[in-house]
A.B. asks: 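One structure follows; several queries about it will come next.
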Amino acid sequence: MIRIFALSVLILASFTVAYPQSSGHTTFLSKARENTVSLYKQVLRAQSRLNNGRKYRASTHSLEEHPYYLSEDWITGSGFYDGEYFTDVSLMYDLQQRVLVTEQYPSGNAIELVGEKLRSFTLQGHYFEKINADSVANSLPKTDFYEILYAGETKVVAHRQKLLRNEIESRTIETTYDEKYRYFLFRNGVFFPVKSKGSMLKLMSDKKQELKRFIRLNKASFLLDRELMLKRVAEYYDSIK
């Protein structure tokens, strides 16, 4: 985003030189230049908030085994950080260290954002929000970022982790990351863990028969696509309550 504004300033400056300097045109270009530079400075001031972090130290990883969510390369995302909303930002989410990493401008260094200043962020359509465990009667494992799979009354969230595991094979250390995803369903002010189709239906037992029929007709499978099933069933449950 900053590069676009910088380019705009350069284009406007060269256009000013090339354009015939009549009185009306000079006034128009002068005002346009002032507005562009002013907006560019605003973006720089806002972007400087993102540089308010510490140097990121990545864990050992390879292309096949890495601690990041979705990709070990930069993903263009957005987030609410230090009282400002940012879009078109280069991000990586380290699930092992539990930190969101951004690319510092203009150095290109990777820095981790201060967790206390980060409220939410989005990566490729996946929305993560910080949920304080105290606000839900400590029914979640801890205060952390949870992906919001369904944001209705019967909210469904996922807690995502990657656990580092080092094993010695043929006198060399092999590093792997084990995914650990846990799912929770919100009912009556608290979250409940969901580990199976049965545990999900138990939490919504007042509409159990309707939900079983819905699952059967839609051929939803807890084993094949757990997240999609949780989302669709919760959405349907809210619609028939």
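What's counted below: heavy atoms across the whole structure, side chains too, no hydrogens, waters or symmetry copies. Quantities reported herein were computed from a predicted structural model and do not represent experimental measurements.
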A.B. asks: Rounded to the nearest 0.5 Å, how far does CG of Leu230 lie from OH of Tyr183?
C.D. replies: 7.5 Å
A.B. asks: With a 3.5 Å distance limit and no angle check, can you tell me whether Lys155 reaches the backbone of Phe184 through a side-chain donor-acceptor pair?
C.D. replies: no
A.B. asks: Could you identify which residues cluster with Ile111, counting Ile, Leu, Val, Met, Phe, Trp and Tyr as linked when any side-chain heavy atoms lie under 4.5 Å apart, either directly or through a chain of such contacts?
C.D. replies: none
A.B. asks: Any heavy-atom pair between the side chains of Val101 and Val99 that's under 4.5 Å?
C.D. replies: yes
A.B. asks: About how many Å separate OG of Ser120 and OH of Tyr85, when rounded to the nearest 0.5 Å?
C.D. replies: 7.5 Å
A.B. asks: Are any of the side-chain heavy atoms of Thr76 and Leu123 separated by less than 4.5 Å?
C.D. replies: no
A.B. asks: Minimum heavy-atom separation for Met92 and Trp74, please, with both atom names.
C.D. replies: CG-CE3, 3.7 Å
A.B. asks: By salt bridge (Lys or Arg N to Asp or Glu O under 4.0 Å), which residues pair with Glu153, not counting sequence neighbours?
C.D. replies: Lys241
A.B. asks: What residues form a salt bridge (Lys or Arg N to Asp or Glu O under 4.0 Å) with Asp225, not counting sequence neighbours?
C.D. replies: none
A.B. asks: Is there a donor-acceptor pair closer than 3.5 Å between any side-chain N or O of Gln97 and the backbone N or O of Arg57?
C.D. replies: yes
A.B. asks: Working to the nearest 0.5 Å, report the span between OG1 of Thr154 and CG of Asn188.
C.D. replies: 9.0 Å
A.B. asks: Go through it in stages, so that I can follow the logic: the residues are Tyr177 and Glu179, the test is side chain to side chain donor-acceptor pair (under 3.5 Å), and I'd like the CA-CA distance, side-chain angles, deciding distance and then a yes or no.
C.D. replies: CA-CA 6 Å; Tyr177 287 93; Glu179 290 184 349; over 6 Å; no
A.B. asks: Only pairs at least two apart or in different chains count here, so list each salt bridge (charged side-chain N to carboxylate O under 4.0 Å, His left out) that has a residue in residues 104-123.
C.D. replies: Arg54-Glu112
A.B. asks: Tyr56 pairs by side chain to side chain donor-acceptor pair (under 3.5 Å) with which of Asn109, Asp94, Thr102?
C.D. replies: Asp94
A.B. asks: State the OG1-NE2 distance between Thr176 and His66, to the nearest 0.5 angstrom.
C.D. replies: 13.0 Å
A.B. asks: Examine distances only and state if a side-chain atom of Asn132 and a backbone atom of Asp134 form a donor-acceptor pair shorter than 3.5 Å.
C.D. replies: yes
A.B. asks: Looking only at heavy atoms, what is the nearest atom pair of Ser59 and Gln96, with distance?
C.D. replies: OG-OE1, 2.9 Å
A.B. asks: How many angstroms lie between CD1 in Ile75 and OG1 in Thr122, if you round to the nearest 0.5 Å?
C.D. replies: 11.5 Å
A.B. asks: Check residues 202-211 and write down every donor-acceptor pair under 3.5 Å in which the side-chain atom is one partner and the other belongs to a residue at least two apart or another chain.
C.D. replies:
unit_1, atom_1, unit_2, atom_2, d
Asp206, OD1, Tyr237, OH, 2.9
Asp206, OD2, Tyr237, OH, 3.0

A.B. asks: Anything under 3.5 Å between a donor and an acceptor, one on a side chain of residues 137-152, the other on a protein residue two or more places apart or in another chain? List them.
C.D. replies:
unit_1, atom_1, unit_2, atom_2, d
Ser139, OG, Val136, O, 2.6
Ser139, OG, Phe191, N, 2.8
Thr143, OG1, Ala133, N, 3.0
Asp144, OD2, Arg98, NE, 3.2
Asp144, OD2, Arg98, NH2, 2.9
Asp144, OD2, His159, NE2, 2.9
Tyr146, OH, Lys142, O, 2.7
Glu147, OE1, Tyr69, OH, 3.2
Glu147, OE1, Arg160, NE, 2.7
Glu147, OE1, Arg160, NH2, 2.8
Glu147, OE2, His126, ND1, 2.7
Tyr150, OH, Asp238, OD2, 2.9

